[in-house]
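What follows is a single structure, written as structure tokens, with notes after it.
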Amino acid sequence: MRSPRRCSRNGCPRQAVATLTYVYSDSTAVVGPLAAFAEPHTYDLCEPHARSLTAPRGWELVRHDGDFAPPPPTTDDLVALAEAVREAARPVPPRPDETDHSPGHQTGRRGHLRVIPPTH
């Protein structure tokens, strides 16, 4: 499943809801709703960073006045979610009895790993 776009600010784990674009020729920074696609010269921001951003001295800041809403899930996200649910619902094949401690049969289990002794 494709992960949602994250805020471009260092160390920020939040989901992006806005896009920052600098228009260098006009000395303007524009913060608007999240762009449909990540572009190389734009920055995705979470809501707190989009709301608190300030422009460099001498620059104008144009900020979207409405709410910044997270993007709706795409069909790729929905298909991946449905496949994950199907996979989780599949029956698990029975495992060999792991409590048999007879000589020559030592199968141990630790976490998700199994230790299977070599066959002689």
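This is a predicted model, so every value here is computed, not measured. Excluded from the calculations below are hydrogen atoms, water molecules and symmetry mates; all remaining heavy atoms, backbone and side chain alike, are included.
Between the side chain of T42 and the backbone N or O of T19, no donor-acceptor pair lies under 3.5 Å.
Between D44 and R5, the shortest heavy-atom distance links the atoms OD2-NE, 2.8 Å.
Residue pairs meeting the side chain to side chain donor-acceptor pair (under 3.5 Å) criterion with at least one member in residues 25-35: none, sequence neighbours excluded.
Applying the side chain to side chain contact (heavy atoms under 4.5 Å, CB included) rule to F37 yields the partners E39; only residues at least two apart in sequence or on another chain are considered. Listed by chain and number, the residues in a side chain to side chain donor-acceptor pair (under 3.5 Å) with R14 amount to none (sequence neighbours excluded).
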Only pairs under 3.5 Å count here: list side-chain donor-acceptor contacts from residues 45-57, not counting sequence neighbours, and write none if there are none.
| from | atom 1 | to | atom 2 | distance (Å) |
| --- | --- | --- | --- | --- |
| E47 | OE2 | R51 | NE | 3.4 |
| E47 | OE2 | R51 | NH2 | 3.4 |
| R51 | NH2 | G66 | O | 3.0 |
| S52 | OG | P48 | O | 2.9 |

Show your reasoning for whether side chain to side chain contact (heavy atoms under 4.5 Å, CB included) applies to V17 and L34.
CA-CA 5 Å; V17 296; L34 187 64; 5.5 Å; no
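Apart from V62 itself, the hydrophobic cluster it occupies contains V23, V30, where clustering links Ile, Leu, Val, Met, Phe, Trp and Tyr at side-chain heavy-atom distances under 4.5 Å.
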